[in-house]
Amino acid sequence: MSDSLRISLNEERESVKARNSSIESRLATAEEIFQEKDDDIDEKSLCSVKKRPLKVVRDTFSIPESDYLLLNKCKNRGIEFKCVVNKSEIVRAGLILLNKLPDEEFVKALKLVKKIKMGRPKTS
């Protein structure tokens, strides 16, 4: 392997490590904020709590139509319990629940998700 390629790979590894540590520190901060809020919230006010503004990151992803329909089903289920939520909140609630699973259950849940082709569909 050439020296320039080796140097490039090492620089890339360092870059990835730096990004991961940044993500981990932001995640730790978000978890602290969530724990603070979790202690203050009772069940009756769960749907109406005003949260302090957090940094919001926009992202785009594709999901199968069946999963999209599940999002709407969860949204309607929330309405039945007088808890109006949007799709983003449903996804975030799912992430919180996944994060709390033991490792074995977490892996089982991930294996239930079908792999889909990434990217935008080709236009005809």
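Because the structure is predicted, anything quoted here is derived from the model rather than measured.
Using a 4.0 Å cut-off between charged nitrogen and carboxylate oxygen, Lys108 and Glu105 count as a salt-bridge pair.
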message: For Glu11 and Glu14: C-alpha separation, side-chain torsions, deciding distance, then whether side-chain contact (heavy atoms from CB on, under 4.5 Å) applies.
response: CA-CA 5 Å; Glu11 288 174 352; Glu14 292 302 317; 5.8 Å; no
message: Apply side-chain contact (heavy atoms from CB on, under 4.5 Å) to residues Phe61 and Ile63 and explain how you reach the verdict.
response: CA-CA 7 Å; Phe61 55 92; Ile63 61 173; 3.6 Å; yes
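With rounding to the nearest 0.5 Å, the separation of CD1 in Ile96 from CG in Asn99 is 8.5 Å. From Ser88, atom OG reaches atom CZ of Arg58 across 9.5 Å, with rounding to the nearest 0.5 Å. The CZ atom of Arg92 sits 12.5 Å away from atom CG of Leu97, with the distance rounded to the nearest 0.5 Å. With rounding to the nearest 0.5 angstrom, the CD atom of Glu12 is 8.0 Å from the CG atom of Leu9. Taking SG of Cys83 as the reference point, atom CD of Glu89 lies at 8.0 Å (rounded to 0.5 Å). Once rounded to the nearest 0.5 Å, the distance linking SG of Cys74 with NZ of Lys87 reads 12.5 Å.
Residues Phe106 and Leu98 approach most closely at CD1-O, 3.5 Å, considering heavy atoms. When all heavy atoms are compared, the tightest approach of Leu101 to Ala109 is CD1-CB, 4.3 Å.
By the 6.0 Å contact criterion, CG on Asn76 is enclosed, its count of non-hydrogen atoms from other residues, nucleotides or ligands being greater than 12.
Residues Tyr68 and Val91 share a single hydrophobic cluster, defined by chaining ILVMFWY side chains whose heavy atoms lie under 4.5 Å apart.
For the side-chain contact (heavy atoms from CB on, under 4.5 Å) with Ile90, the qualifying choice from Leu95, Asn72, Leu71 is Leu71, the only one to do so.
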